[in-house]
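Heads up, the thing below is written out as structure tokens.
Only heavy atoms go into these numbers, but all of them, side chains included; no hydrogens, no water, no symmetry mates. Just so we're on the same page: letters track the sequence lines, and every chain starts at 1.
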There are 2 protein chains.
Amino acid sequence: MNQMKKTNEQVAEMLKSYDIMPTQQRLKIANILCAEPCHMSADQVLSAVNQESTKKVCKATIYNTLGLFAEKGIIREVIVDNSKLFYDSNTSVHHHFYNVDTGKLLDIGEDELSVSGLPVLPEGTVNDGMEVVVRIRNK
Amino acid sequence: MNQMKKTNEQVAEMLKSYDIMPTQQRLKIANILCAEPCHMSADQVLSAVNQESTKKVCKATIYNTLGLFAEKGIIREVIVDNSKLFYDSNTSVHHHFYNVDTGKLLDIGEDELSVSGLPVLPEGTVNDGMEVVVRIRNK
DNA sequence: GTCAGTGCAAACCCTTTGCAGAAAG
DNA sequence: CTTTCTGCAAAGGGTTTGCACTGAC
């Protein structure tokens, strides 16, 4: 997802370009995620979306929408915690710190870490994405 | 966990050396994990342990024991799937393929992949382990 | 005898699903 | 109008917890 702030119309166009019908709920959710690069759990998206709005978006729609966005490639799932899934609005290749104490994700700059030697994939399989996670704790 | 096959006594000694009282249940579980380097979910350990035994070990004990072993450093948790945790009996630094179709984990040889440029940790945090996961799908 | 470990079942949490009503084109 | 989406509530699956019983020293 492009990281610049966008108008509602621009977000709607972006959704259409991904073959997603821009409904009110999806626009709200996309706006939250587009506002700035962010790492959020479904729960965090839920509260953010319903923060200052009278018409609440329900939990099921949040999950369905995040799943849809991830499937279409607008956002990326990040699996670092056994108990919940995170979504990253930055879909370019990059890696993460995961603070196990705070539950916060932080990007690792591309220049800070590089993986060399793409391993030979097992017979009959194709690459579906690589991810480096550096787990950290508070001192 | 050392990967050579061991006698029950050797496994018991190993547990003691990690400050774990070697009960019958813990020995059974440790034997499964020690038999060879493996990646198993709690569910897989449960069925393996109860395969050929009349006295069944219950699910809660499996979870408690795996958690204990991981805490003590005998095995390592591997987080690659949103829906379940895996445990790796090889605790040395290495990385994984995760086949999202089959749910199987495979080691990536140390010589096949190397991460360079240890990133600068955020203020006030300490490293708690790095992990590279290459997600793969069947062709 | 004392204390840790185990088994059982219920509770928990995140996520998914089924279905009726609502909204979009 | 027809089709897709939403909301609600219930179900689902892995994991954790409370508590009485068992077993090891």
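For the pair B:Leu27 CG and D:dA24 P, the computed distance is 11 Å after rounding to whole Å. Put simply, CD1 on A:Ile62 is 12 Å from P on D:dC8, counting in whole angstrom units. Atom CG of A:Leu15 and atom P of D:dT4 are 18 Å apart (whole Å). Rounded to an integer number of Å, the gap from B:Asp19 CG to C:dG5 P is 11 Å. A straight line from NZ of B:Lys56 to P of C:dC8 spans 12 Å, rounded to a whole angstrom. Regarding B:Gln25, its CD atom lies at a distance of 11 Å from the P atom of C:dC8, rounded to whole Å.
Residues in residues 65-87 of chain A take part in these side-chain hydrogen bond (donor to acceptor under 3.5 Å, both in side chains) pairs, two or more places apart or across chains: A:Arg76-A:His94, A:Asp81-A:Ser83, A:Asp81-A:Tyr98.
A chain of hydrophobic side-chain contacts below 4.5 Å, direct or via other Ile, Leu, Val, Met, Phe, Trp or Tyr residues, connects B:Leu33 to B:Tyr18. No continuous path of hydrophobic side-chain contacts links A:Leu113 to B:Val133 [ILVMFWY only; heavy atoms under 4.5 Å]. Taking hydrophobic clusters as Ile, Leu, Val, Met, Phe, Trp and Tyr residues chained together by side-chain heavy-atom distances below 4.5 Å, A:Ile74 does not share a cluster with A:Tyr63.
At distances below 3.5 Å, at least one donor-acceptor pair connects side-chain atoms of A:Asp101 with backbone N or O atoms of A:Asn138. Formation of a donor-acceptor pair under 3.5 Å by the A:Asn50 side chain with backbone atoms of A:Val57 is found in this model.
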Mark up nucleotides 13-25 of chain C, 5' to 3', with B wherever a protein heavy atom is under 4.0 angstrom from a base atom, S wherever such an atom reaches only the sugar-phosphate, and - elsewhere. -SBBB------S-
